[in-house]
Each structure stands twice: as C-alpha cells, then as structure tokens.
Amino acid sequence: MRMLVLALLLLPLAACNGFQKQTPPGPVDVVHLPPMSGQEQALMISADSALASGDTERAERSYLDAVARSQGHVEAHLALASLYLHEGKTQQAGEILGKAAQLQPNNPVVDHMLGKIAIAQDRPADALGDFNRGLVSTPGDLDLLNGAGVASDVLHRHRAAQLFYQRALALHPAIAQPTTKTNLAMSYILDGQSKAAIALLKDEAKKPAATPQLRDNLALAYGLEGRTVEARKLTAGHMTEDERLASLARVHAYIAAEQAPAPRQPIGPAPAPHQPVAAPPSVFGIGR
C-alpha cells in the first residue's frame, strides 16, 4: 500500500521507455510441473548452506533469487517465508506466501502457513478460510485440521472446532497426540464441558510425552470442577498458585460471557456489539 503512489508515478516513465506492465504469474499444473531448474536448485543449496552457517542475509538473497527464477516451484518461497517468520517479519512472510499461492493455489503447506500468519495477526476468519482451502485439496492433513479447529475456537465456534479435532484424532490416532487432544480439551473447556476435558486428558497427563500445556489445560478443567488438589499437583513447579487462579478466573469469565443471554435491545440507537471475553493465551497448537 505504501508503494502505490510511487508505482503510479513511475508507470508513465516506464511506458515512455518502452517497458510493459508485467502480469502476475498464473497458477501452474503441478501434476506436469517439470523438475526445478539447475540454477534454482543451486540457489536453494547455497541458501540452505548459508542458513546452516548462520548467515541469514546471504540466505535471504539466495532464496529471493530462487523465487525470482521460479517457473512454478514454491520450495524457495516456503523456505524464505519460514526464515522471515523466524525473524519476526510477518508481513514479508505473507507477501512471499502470496506469490507462492499465485503459482500453486491449492498447496496445503502454503495455506497452512498463511493461516498461521492470519492467526498471529488476529484475523481468525481469514485463517479459517486459509485452512479450509487447504483441506479441500488435502482433507486429511493433520496440521490443517488443527489449524481449522483453532481458528474456529477463536471465532467462538466451539462445536465446529471439536469436529475438526475429532476428525484429526480419527485419521491420525498414532501421531495426533498430544497436541490435538490438548486443543480438543481446551475447546471443551471453553464450551463449558470441563468433565469431557478431564476424561480426555487424565490418562494422557500420566504419559512421559505429556506437555506442560496439556497438564495446564487439565488443571484448568479440574479447577472448573472445584478439584483444587488435582489442579495444584499438575501446575506445581512451573506455575504459581496466583498464576493458576488468574488463568482459571479468565476461563470462568469467558464461559460466563459465552453463556450469558443476549440483552434486550433498547429503543433508540443500536448498542455496540457484545465482545466476548478472550480465551486464555497460549492454549492451542497449530502444528508445523
């Protein structure tokens, strides 16, 4: 947007010099896409090597050169977007992924990364669109299912979110845990189903692979049920009692706001729309 005025000023000069406006690259047929060119492969190798040695500036230059030479492959786009995200350059990552989406509109990895960026930018409706678009071409993708569930939960569509998580668990019983169960449990908690969350997580919390996030979510469920002793045991060592109570209070407020009946509309100007209490942060995992 900031470059719009400058671009408009340059167009007449470009026309005078015989240049023509370049059209954006269209989608490619990935089924018949030829192998990556030797130059593009060499640039990718150079970028990967630079990144491994910690030279992010040289890696960025090589990835950008590979992106410019791409005839339909998006590996350089994805690698560069990942680099930008690691550096906190969310806008640049989104721009590169937008170029990748022009080449491969149905690439599930591109859609997943775009969805993660939208979640980070507090655009859950856009994120859900990105995740759902990826699920059209790859309906069983674990990360896309988790992402769609997270976006749905952020949009306060908890029953829809639970269907995404349950589908992920059904399709990937061996690898969908504990992230998906943690997500599903938090969805149950926000939906006022703390007993269902306890039933889902109580055995998982005993396993060596149980994450602090999983144990914290189970502690929240126990807290909602008034089972303080169990909740304290789960959070001991990494969460103070004040932090646990503050997190529990946020969930209580969220559930109360969600379950409160809509107020009657008074005669006169329309009131401001009701804003539900936000869910506690850092309770979901999106994958990849």
Side-chain angles (χ1 to χ4, degrees), residues 1-11 14-15 19-52 55-138 141 143-144 147-148 151 286-288:
M1 293 296 292
R2 292 195 296 269
M3 298 297 293
L4 181 58
V5 175
L6 179 60
L8 290 173
L9 290 173
L10 288 175
L11 280 176
F19 293 104
Q20 294 182 349
K21 182 180 178 181
Q22 292 184 348
T23 57
V28 297
D29 181 0
V30 294
V31 175
H32 301 99
L33 185 65
M36 188 183 297
S37 70
Q39 284 183 323
E40 196 174 345
Q41 290 184 51
L43 286 166
M44 288 289 294
I45 292 172
S46 175
D48 291 343
S49 176
L51 194 60
D55 190 346
T56 56
E57 291 185 3
R58 183 163 66 90
E60 179 184 5
R61 290 195 300 270
S62 295
Y63 284 138
L64 281 169
D65 202 354
V67 166
R69 295 171 185 271
S70 174
Q71 298 299 310
H73 290 275
V74 297
E75 286 84 347
H77 299 71
L78 293 170
L80 181 57
S82 295
L83 173 59
Y84 282 149
L85 288 175
H86 181 72
E87 295 179 334
K89 300 177 180 178
T90 306
Q91 181 176 345
Q92 292 94 321
E95 291 170 356
I96 289 295
L97 290 170
K99 293 180 180 180
Q102 289 179 340
L103 294 173
Q104 297 188 20
N106 298 315
N107 186 298
V109 182
V110 173
D111 290 329
H112 182 265
M113 292 185 71
L114 284 169
K116 286 184 68 174
I117 289 173
I119 287 287
Q121 294 177 337
D122 196 23
R123 296 184 288 110
D126 292 336
L128 183 58
D130 293 326
F131 294 133
N132 276 330
R133 185 172 59 251
L135 287 170
V136 171
S137 59
T138 317
D141 186 276
D143 292 328
L144 287 169
I286 304 180
R288 284 201 184 98

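Given the structure is predicted, the values throughout are model-derived calculations rather than measurements.
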Heavy-atom closest contact ([X] atom, [Y] atom, distance):
{"X": "L128", "Y": "A148", "value": "CD1-O, 3.6 Å"}
{"X": "V28", "Y": "Q71", "value": "CG1-O, 3.9 Å"}
{"X": "L135", "Y": "D141", "value": "CD2-O, 4.2 Å"}
{"X": "A47", "Y": "A59", "value": "O-CB, 3.5 Å"}

Would you say the side chain of [Y] lies within less than 4.5 Å of the side chain of [X], judging by non-hydrogen atoms?
{"X": "Q121", "Y": "D126", "answer": "no"}
{"X": "Y63", "Y": "M44", "answer": "yes"}
{"X": "L85", "Y": "I117", "answer": "yes"}

Original post:
For E60 and Y84, does a side-chain donor sit closer than 3.5 Å to a side-chain acceptor?
Top reply: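 Y84 and E60 do have a side-chain donor-acceptor pair below 3.5 Å.
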
Just verifying a value: how many Å separate [X] [atom1] and [Y] [atom2], rounded to the nearest 0.5 Å?
{"X": "K116", "Y": "D111", "atom1": "NZ", "atom2": "CG", "result": "14.0 Å"}
{"X": "L51", "Y": "L80", "atom1": "CG", "atom2": "CG", "result": "10.5 Å"}
{"X": "M113", "Y": "D143", "atom1": "CE", "atom2": "CG", "result": "11.5 Å"}
{"X": "N107", "Y": "H77", "atom1": "CG", "atom2": "NE2", "result": "10.5 Å"}
{"X": "R69", "Y": "Q39", "atom1": "CZ", "atom2": "CD", "result": "4.5 Å"}
{"X": "Q102", "Y": "L97", "atom1": "CD", "atom2": "CG", "result": "11.5 Å"}

For the pair [X] (side chain) and [Y] (backbone), establish whether a donor and an acceptor sit closer than 3.5 Å, ignoring hydrogens and angles.
{"X": "S62", "Y": "R58", "answer": "yes"}
{"X": "S137", "Y": "N106", "answer": "yes"}
{"X": "Q104", "Y": "G72", "answer": "yes"}
{"X": "S82", "Y": "L78", "answer": "yes"}

Subject >> Working for side-chain contact (heavy atoms from CB on, under 4.5 Å), residues R133 and L114 >> reply: CA-CA 11 Å; R133 185 172 59 251; L114 284 169; 4.0 Å; yes

